[in-house]
Amino acid sequence: MVCPKREKKFILTNGISKKMTHPIIESLLWRHTTKKYDASKKIPEEELKVLFEAMRLSPSSINSQPWRFVVIESDEARQRMSRTFAHKYQFNQAHVFDSSQIILFAHKPHYTRGDFAKVVDRGIADKRIKQEDRDKAFAIFGFAESNTDETGDTSNWTKAQTYLALGNTLHTLARLKIDSTALEGIDADLVNEEFKKELGDYRCEVALAIGYHHPDEDYNAKLPKSRHSLDSVLVRI
């Protein structure tokens, strides 16, 4: 069953201006971390296309794009994902079957000059970079090198870029009125072993469940939004 748009009430709490009615703020007030999905409701394909394109357009340091997104939606893939909860984080296992999709967000732990060359050459094809400026375009790769250890590991840097994509995805989902649950509660070793073929030389340490929350069993949907007050987290100088 494809789910139609639905309205969800939200409660403004201390620290959130009741006068703020901008659509972006309304979307962020709307979203919550979903605890229980309605397995009968699936995301329309047209909205998935918007979501996937938004993910592709996510920002990254030096436009490195050191990520791969693996979408789990078939019954066979769900069974494989379910097996990765054999040892821990079983409280997240139900999302595998109840959500519309699970997305694995993976980063490249050994990002090389060759990887960046693909970015540069795509930039030339897209007319962002002139062919005669190709060599100059590699000057900013020095930033990647400064985030590479003696073994060639870049994971601290590339994983951070993947979280930029995750944040962009969460915001896009909120604008689309699609529910989501960020999942750091996964067994990364088992996930990477189970999906070795799909991940290749990328590593997944965080996933995202997406779909539509259960109207009765998702307790978090009924709770008021609560955040620190703006003046306690924002300093203007």
Side-chain angles (χ1 to χ4, degrees), residues 24 47-73 77 80-81 84 101-176 178 180-210:
I24 290 176
E47 295 197 349
L48 286 174
K49 290 179 180 178
V50 173
L51 176 65
F52 297 155
E53 181 65 3
M55 291 164 62
R56 185 182 76 89
L57 293 172
S58 296
S60 59
S61 176
I62 67 170
N63 199 26
S64 52
Q65 306 166 68
W67 45 53
R68 174 169 291 178
F69 311 115
V70 177
V71 182
I72 295 172
E73 52 191 347
R80 291 170 62 193
M81 186 65 187
T84 69
Q101 279 85 15
I102 297 278
I103 305 174
L104 305 182
F105 282 70
H107 63 279
K108 200 157 199 178
H110 293 86
Y111 189 87
T112 67
R113 186 179 179 88
D115 294 314
F116 189 65
K118 296 176 183 177
V119 173
V120 172
D121 289 337
R122 180 58 189 256
I124 292 171
D126 290 337
K127 302 189 184 306
R128 177 182 176 86
I129 301 170
K130 294 180 180 179
Q131 180 65 54
E132 58 268 27
D133 292 335
R134 186 178 189 275
D135 290 342
K136 294 179 183 178
F138 283 88
I140 58 174
F141 186 70
F143 190 79
E145 293 175 323
S146 70
N147 284 281
T148 304
D149 69 15
E150 61 277 4
T151 69
D153 191 304
T154 59
S155 56
N156 285 338
W157 177 64
T158 54
K159 183 179 178 181
Q161 310 316 307
T162 302
Y163 273 84
L164 293 179
L166 177 61
N168 179 46
T169 304
L170 290 170
H171 189 192
T172 301
L173 288 164
R175 299 303 302 274
L176 291 170
I178 296 172
S180 62
T181 309
L183 304 173
E184 284 191 312
I186 59 173
D187 189 326
D189 290 336
L190 286 186
V191 168
N192 284 277
E193 180 62 30
E194 182 65 46
F195 296 97
K196 182 186 299 183
K197 177 181 177 181
E198 292 84 0
L199 290 168
D201 55 355
Y202 292 77
R203 178 169 177 80
C204 172
E205 295 185 24
V206 63
L208 181 68
I210 60 176

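Excluded from the calculations below are hydrogen atoms, water molecules and symmetry mates; all remaining heavy atoms, backbone and side chain alike, are included.
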Minimal heavy-atom distance between I129 and V120, with the atoms involved, is CD1-O, 3.8 Å
Taking NZ, NE, NH1 and NH2 as the nitrogens, is one of them in R175 or E47 under 4.0 Å from a carboxylate oxygen of the other? no
Q. Taking the side chain as C-beta and beyond, is there a heavy-atom pair between L183 and V206 under 4.5 Å?
A. no
Separation between CZ (F105) and CZ (R68), nearest 0.5 Å, reads 14.5 Å
Heavy-atom nearest pair, A106 first then L199, reads CB-CD2, 3.6 Å
D153 and T151: side chain to side chain donor-acceptor pair (under 3.5 Å), yes or no, with the steps?
CA-CA 6 Å; D153 191 304; T151 69; 5.0 Å; no
* To do: Show your working on side-chain contact (heavy atoms from CB on, under 4.5 Å) between D115 and K108 and close with a plain yes or no.
  => CA-CA 10 Å; D115 294 314; K108 200 157 199 178; 2.7 Å; yes
Quick one: does any side-chain atom of D187 pair with a main-chain N or O of L190 as donor and acceptor, under 3.5 Å? yes
Side chain to side chain donor-acceptor pair (under 3.5 Å) filter on T169, not counting sequence neighbours, yields none
Residues at least two apart in sequence or cross-chain that pass salt bridge (Lys or Arg N to Asp or Glu O under 4.0 Å) with K49, listed by chain then number, are E46
Worksheet item: Would you say the side chain of V70 lies within less than 4.5 Å of the side chain of I103, judging by non-hydrogen atoms?
Response: no
Sorted by chain and residue number, the side chain to side chain donor-acceptor pair (under 3.5 Å) partners of S58 (sequence neighbours excluded) come out as N168
Run the salt-bridge test on R203 and D189 with the 4.0 Å N-O cut-off and return the result as yes or no. yes
- Message: Does any part of the side chain of W157, heavy atoms only, come nearer than 4.5 Å to the side chain of S61, both counted from C-beta?
- Response: yes
Exercise. Between T154 (side chain) and Y111 (backbone), is there a donor-acceptor pair under 3.5 Å?
Worked result: yes
Item checked: Check: S60 and Q65 side chains under 4.5 Å, non-hydrogen atoms -> yes
Item to complete: Kindly indicate, with the supporting measurements, whether the criterion side-chain contact (heavy atoms from CB on, under 4.5 Å) is fulfilled by W67 and Y163.
Response: CA-CA 10 Å; W67 45 53; Y163 273 84; over 6 Å; no
Nearest heavy-atom contact between M81 and V191 is CE-CG2, 4.0 Å
Of all heavy-atom pairs linking C204 and L104, the shortest is SG-CB, 3.8 Å
Are the side chains of L51 and I178 in touch, meaning some heavy atoms are under 4.5 Å apart?
no
### Query
Would a 4.5 Å heavy-atom cut-off, applied to side chains only, mark N63 and I140 as touching?
no
query: After noting the C-alpha distance and the side-chain angles of N147 and E145, does the key distance pass the side chain to side chain donor-acceptor pair (under 3.5 Å) rule?
result: CA-CA 5 Å; N147 284 281; E145 293 175 323; over 6 Å; no
| task | Could you tell me whether the side chain of L208 reaches within less than 4.5 Å of the side chain of L170, counting heavy atoms only? | result | yes
Task: Working for side-chain contact (heavy atoms from CB on, under 4.5 Å), residues F195 and E198 - done: CA-CA 5 Å; F195 296 97; E198 292 84 0; 3.8 Å; yes
_Less than 4.5 Å apart, side chain to side chain, heavy atoms only: is that true for E205 and T162?_
no
* Asked: Is a side-chain donor or acceptor of T84 paired with a backbone partner of R80 at a separation under 3.5 angstrom?
  -> no
Inset, instruction - Before giving the answer on side-chain contact (heavy atoms from CB on, under 4.5 Å), spell out for S64 and Q161 the whole-Å C-alpha distance, their side-chain angles and the decisive distance to 0.1 Å. - result: CA-CA 8 Å; S64 52; Q161 310 316 307; 4.1 Å; yes
